[in-house]
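Note sheet for the following structure.
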Amino acid sequence: MVLLEQLQAMIAADNERMHVLRLVRELDLPDCWVAAGFVRCCVWDHLHQRSPSPLPHDIDVIWYDPSKATQAHDAMLESSLRARDGTLGWSVKNQARMHERNADLPYLTASDAMRYWPETATAVGVRLNDLADIDIAAPFGLHDLFDLVVRPTERFLTAKQSVYAGRVRGKNWQGTWPKLRIEFPGAASCRALEPDRASS
């Protein structure tokens, strides 16, 4: 409960993120969350006592409705968000269709879909409810996020291990947040990538 309240307070204190949540709420989509880097970077910035990072280039808006699970419908929603604020990058994905692209079994909800994301610390979503309170979805909990641990989820621990490793090296998170502890499958946790393996 303490971590949940801390996250709610961090989001509530961030005017840019609250602006995003208000715009997304206007779409009135079922089981809808703003997730991934939108949440993760906010927490990592706070724990590193640094100014907030710019919002992600693609703000991940996820929702769930099997009756409207088409790429065209998501594109229409992205257009609607761009009409509200064209300065932001929007990525809208109905999770009722994303299992096909990811070679997974069908997802049951948006939160269930997050269980199949690469890192536990990424699998966190937030939204404004009808009372303007901040709801949080975190299928793996919030401890890894707040403990600055980058850990693969089950699929990325085994079958998709190379995808996880590529994300860690390609994004070079430790270049921005050096206190992160990154775990690799089959290896000891590390605090920093080898210089010749870190992305520039």
Side-chain angles (χ1 to χ4, degrees), residues 4 7-46 51-140 142 145 153 163 167 170-171 173 176:
L4 186 146
L7 179 54
Q8 289 171 325
M10 287 180 200
I11 298 295
D14 189 312
N15 291 333
E16 287 189 321
R17 282 176 168 79
M18 289 300 292
H19 171 65
V20 168
L21 294 183
R22 292 185 187 98
L23 294 181
V24 172
R25 185 178 59 175
E26 290 176 4
L27 296 179
D28 196 25
L29 297 173
D31 195 7
C32 182
W33 307 85
V34 187
F38 179 85
V39 180
R40 183 191 62 222
C41 297
C42 177
V43 175
W44 288 353
D45 285 338
H46 179 83
S51 300
S53 304
L55 290 175
H57 295 301
D58 290 326
I59 296 173
D60 290 301
V61 179
I62 66 170
W63 64 298
Y64 189 88
D65 185 349
S67 71
K68 298 178 180 177
T70 66
Q71 186 174 354
H73 194 86
D74 283 343
M76 180 191 70
L77 293 170
E78 289 177 2
S79 296
S80 180
L81 287 169
R82 283 195 299 272
R84 288 169 165 82
D85 190 331
T87 69
L88 300 175
W90 300 98
S91 175
V92 179
K93 298 288 188 297
N94 186 341
Q95 299 302 294
R97 69 180 179 87
M98 296 307 293
H99 67 284
E100 297 177 352
R101 189 189 74 172
N102 298 329
D104 294 326
L105 294 174
Y107 307 140
L108 304 177
T109 63
S111 293
D112 181 53
M114 283 193 271
R115 293 181 182 276
Y116 295 83
W117 288 7
E119 308 91 22
T120 56
T122 297
V124 181
V126 296
R127 69 181 178 192
L128 282 183
N129 62 30
D130 292 340
L131 300 176
D133 294 325
I134 297 171
D135 291 335
I136 296 171
F140 298 104
L142 296 173
L145 177 62
T153 59
V163 176
R167 276 175 58 83
K171 290 181 177 292
W173 285 318
T176 304

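Scope of the values below: all heavy atoms of this structure, side chains included, with no hydrogens, waters or symmetry mates.
- Checked against the 6.0 Å centroid threshold, Tyr116 and Tyr107 count as a close aromatic pair.
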Task: Chi angles and distances behind the side-chain contact (heavy atoms from CB on, under 4.5 Å) call for Asp60, Lys93 - done: CA-CA 8 Å; Asp60 290 301; Lys93 298 288 188 297; 5.9 Å; no
Task: Derivation and outcome, side-chain contact (heavy atoms from CB on, under 4.5 Å), residues Val24 and Trp90 - done: CA-CA 10 Å; Val24 172; Trp90 300 98; 3.9 Å; yes
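- Between Trp63 and His73, the ring-plane angle classifies as tilted under the 30° and 60° cut-offs.
- Side-chain contact between Leu81 and Leu88 is absent, with no heavy-atom pair separated by less than 4.5 Å.
- Residues Leu77 and Asn94 form no side-chain contact, since every pair of their non-hydrogen atoms from C-beta on lies 4.5 Å or further apart.
- Using a 4.5 Å heavy-atom threshold, the side chains of Arg17 and Cys41 count as touching.
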Task: Steps toward side-chain contact (heavy atoms from CB on, under 4.5 Å) verdict (Leu27, Val92) - done: CA-CA 11 Å; Leu27 296 179; Val92 179; 5.5 Å; no
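- Nearest heavy atom pair, residue Gln95 against residue Ile62, reads NE2-CG2, 3.5 Å.
- The minimum heavy-atom distance between Val34 and Val39, with the atom names listed, is O-CG2, 3.7 Å.
- Looking at heavy atoms from C-beta onward, His19 lies in side-chain contact with Asp85 at the 4.5 angstrom threshold.
- At least one side-chain heavy atom of Arg40 sits under 4.5 Å from a side-chain heavy atom of Leu145.
- Asp45 places a side-chain N or O within donor-acceptor distance of the main-chain N or O of Ser53, the cut-off being under 3.5 Å.
- Of the inter-residue distances, the one linking Glu119 atom CD with Lys171 atom NZ reads 8.0 Å to the nearest 0.5 angstrom.
- At a threshold of 4.5 Å between non-hydrogen side-chain atoms, the residues Asp65 and Leu29 do not count as touching.
- Closest non-hydrogen pair, Glu78 versus Ser91, comes out as OE2-CA, 3.5 Å.
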Which atom pairs, donor and acceptor, lie under 3.5 Å between side-chain atoms of residues 133-140 and protein residues at least two apart or in another chain?
{"from": "Asp135", "atom 1": "OD1", "to": "Asn129", "atom 2": "ND2", "distance (Å)": "3.1"}
{"from": "Asp135", "atom 1": "OD2", "to": "Arg127", "atom 2": "NE", "distance (Å)": "3.3"}

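- Met18 is listed as a side-chain neighbour of Leu128, based on a closest heavy-atom distance under 4.5 Å.
- Closest non-hydrogen pair, Arg167 versus Thr122, comes out as NH2-OG1, 4.1 Å.
- Residues Asp112 and Thr109 share a closest heavy-atom pair of N-OG1, 2.9 Å.
- With a 4.5 Å cut-off on side-chain heavy atoms, Asp14 and Phe38 do not count as touching.
- For Glu26, the CD atom is densely surrounded, since the number of other residues' heavy atoms within 6.0 Å is greater than 12.
- Listed for the Arg84 side chain is a donor-acceptor partner under 3.5 Å among the backbone atoms of Ser80.
- Atom NE2 of His46 has 12 or fewer neighbouring heavy atoms from other residues, nucleotides or ligands inside a 6.0 Å radius.
- Here the closest non-hydrogen pair linking Trp33 and Ser111 is NE1-OG, 4.5 Å.
- Note that the CZ atom of Arg97 and the CG atom of Asn102 stand 10.0 Å from one another [nearest 0.5 Å].
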